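What you are looking at is a predicted structure, and each value in this text was computed from that prediction instead of being measured.
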Amino acid sequence: MDSGFDDVAVWRTIWEQGQHMLCRAKHIDRLVQYKTQSNEWQAGHLADAEWHLRAQGRVQTSMVVRLKGQRYEKRQGVTVQLSSCPIRVSYEPDVRRVGSAKGEAAKVTQAMWLLKVEVLDS
């Protein structure tokens with residue numbers, strides 16, 4: 001999903017169906033938990049979790065992009081760096097549902113992966 005679906009209520013609906021998803025994050029100020037180097041969970045913003053990303057590998061693909069030093073974008077081969085770290089998102093299951101009162105249900109925590117995809121030299 002694109003970043004327009006970076007919404008916990010949308011995510012909750014998908015998770016409740018037992019499905020998986022991939023979503024481009026728009027709100028890097030979102031509160032999450034991430035693992036520190038000492039392997040402990042710490043609360044913070046999604047932007048803070050980026051400091052704990054670990055390189056997973058590189059892939060090569062072709063895409064329309066303007067690399068450094070180029071005037072115009074064009075379809076060309078690029079190298080993409082993939083980095084990730086585990087995160088957890090907590091949410092209230094009854095938020096924005098008809099007939100639900102805030103605070104009725106306990107928060108639910110969902111384990112996720114934060115994945116950074118960086119096109120090198122762009």
Side-chain angles (χ1 to χ4, degrees):
M1 297 183 296
D2 203 352
S3 63
F5 292 96
D6 181 5
D7 185 296
V8 174
V10 173
W11 295 355
R12 175 198 64 217
T13 303
I14 294 167
W15 292 330
E16 287 177 349
Q17 302 300 314
Q19 299 298 313
H20 301 277
M21 66 170 180
L22 177 67
C23 183
R24 186 168 57 121
K26 178 178 181 181
H27 304 287
I28 60 172
D29 59 340
R30 175 180 307 287
L31 293 175
V32 298
Q33 294 177 340
Y34 54 89
K35 278 195 175 181
T36 63
Q37 290 181 342
S38 60
N39 208 30
E40 295 180 16
W41 289 102
Q42 178 175 330
H45 293 101
L46 195 55
D48 300 328
E50 188 173 353
W51 290 98
H52 300 279
L53 291 168
R54 293 189 178 148
Q56 299 299 325
R58 291 183 177 189
V59 295
Q60 292 183 326
T61 188
S62 175
M63 63 188 305
V64 177
V65 65
R66 184 173 61 90
L67 298 177
K68 289 180 182 173
Q70 294 179 336
R71 287 187 148 202
Y72 305 101
E73 60 183 28
K74 62 180 179 178
R75 178 167 295 280
Q76 57 193 316
V78 295
T79 302
V80 178
Q81 175 71 45
L82 303 173
S83 305
S84 68
C85 71
I87 61 171
R88 297 192 301 200
V89 175
S90 296
Y91 64 93
E92 295 180 20
D94 290 333
V95 171
R96 289 193 249 167
R97 289 197 169 154
V98 177
S100 65
K102 190 170 176 94
E104 282 182 11
K107 281 192 172 188
V108 175
T109 300
Q110 177 70 38
M112 303 173 64
W113 283 94
L114 174 61
L115 174 66
K116 181 177 180 181
V117 179
E118 180 183 4
V119 178
L120 301 179
D121 297 323
S122 68

Taking all heavy atoms of [X] and all of [Y], pick out the closest pair and write down the distance.
| X | Y | answer |
| --- | --- | --- |
| S122 | K68 | O-CE, 3.8 Å |
| H52 | Q37 | ND1-N, 4.1 Å |
| A111 | R88 | CA-CG, 4.3 Å |
| W41 | Q33 | CZ3-O, 3.5 Å |
| C85 | A49 | SG-O, 3.7 Å |

Apart from V65 itself, what residues make up its hydrophobic cluster when side-chain heavy atoms of I, L, V, M, F, W and Y under 4.5 Å apart count as a link, directly or indirectly?
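Via sub-4.5 Å side-chain contacts, V65 links to V59, M63, L67, V78, V80, L82, L115, V117, V119.
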Per the side chain to side chain donor-acceptor pair (under 3.5 Å) rule, which among Q42, E40, H45 passes with Y34?
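Among the candidates, only Q42 passes.
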same_hphob_cluster(M112, I28) at 4.5 Å side-chain heavy-atom cutoff
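Shared cluster, no.
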Quick one: [atom1] on [X] to [atom2] on [Y], what's the gap to the nearest 0.5 Å?
| X | Y | atom1 | atom2 | value |
| --- | --- | --- | --- | --- |
| T36 | W51 | OG1 | CH2 | 15.5 Å |
| I87 | T109 | CD1 | OG1 | 12.0 Å |
| R12 | E92 | CZ | CD | 10.0 Å |
| K74 | S62 | NZ | OG | 11.0 Å |

Over 12 non-hydrogen atoms of neighbours within 6.0 angstrom of CZ in R66:
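At most 12 heavy atoms, drawn from other residues, nucleotides or ligands, come within 6.0 Å of this atom.
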For K116 and E50, what are the C-alpha separation, side-chain angles and deciding distance, and is it a side chain to side chain contact (heavy atoms under 4.5 Å, CB included)?
CA-CA 8 Å; K116 181 177 180 181; E50 188 173 353; 2.9 Å; yes
Ring centroids only, cut at 6.0 angstrom: are Y91 and W15 within range, meaning strictly under it?
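That pair passes the under 6.0 Å test.
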Just so I know, are the side chains of L120 and R58 near enough to count as touching, which here means a heavy-atom distance under 4.5 Å?
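Answer yes - side chains close enough.
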Any donor-acceptor N/O pair, Q56 side chain to R54 backbone, under 3.5 Å:
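Confirmed, Q56 side chain pairs with R54 backbone.
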Partners of E73 by salt bridge (charged side-chain N to carboxylate O under 4.0 Å, His left out), sequence neighbours excluded?
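Once residues adjacent in sequence are excluded, E73 has no partner under the salt bridge (charged side-chain N to carboxylate O under 4.0 Å, His left out) criterion.
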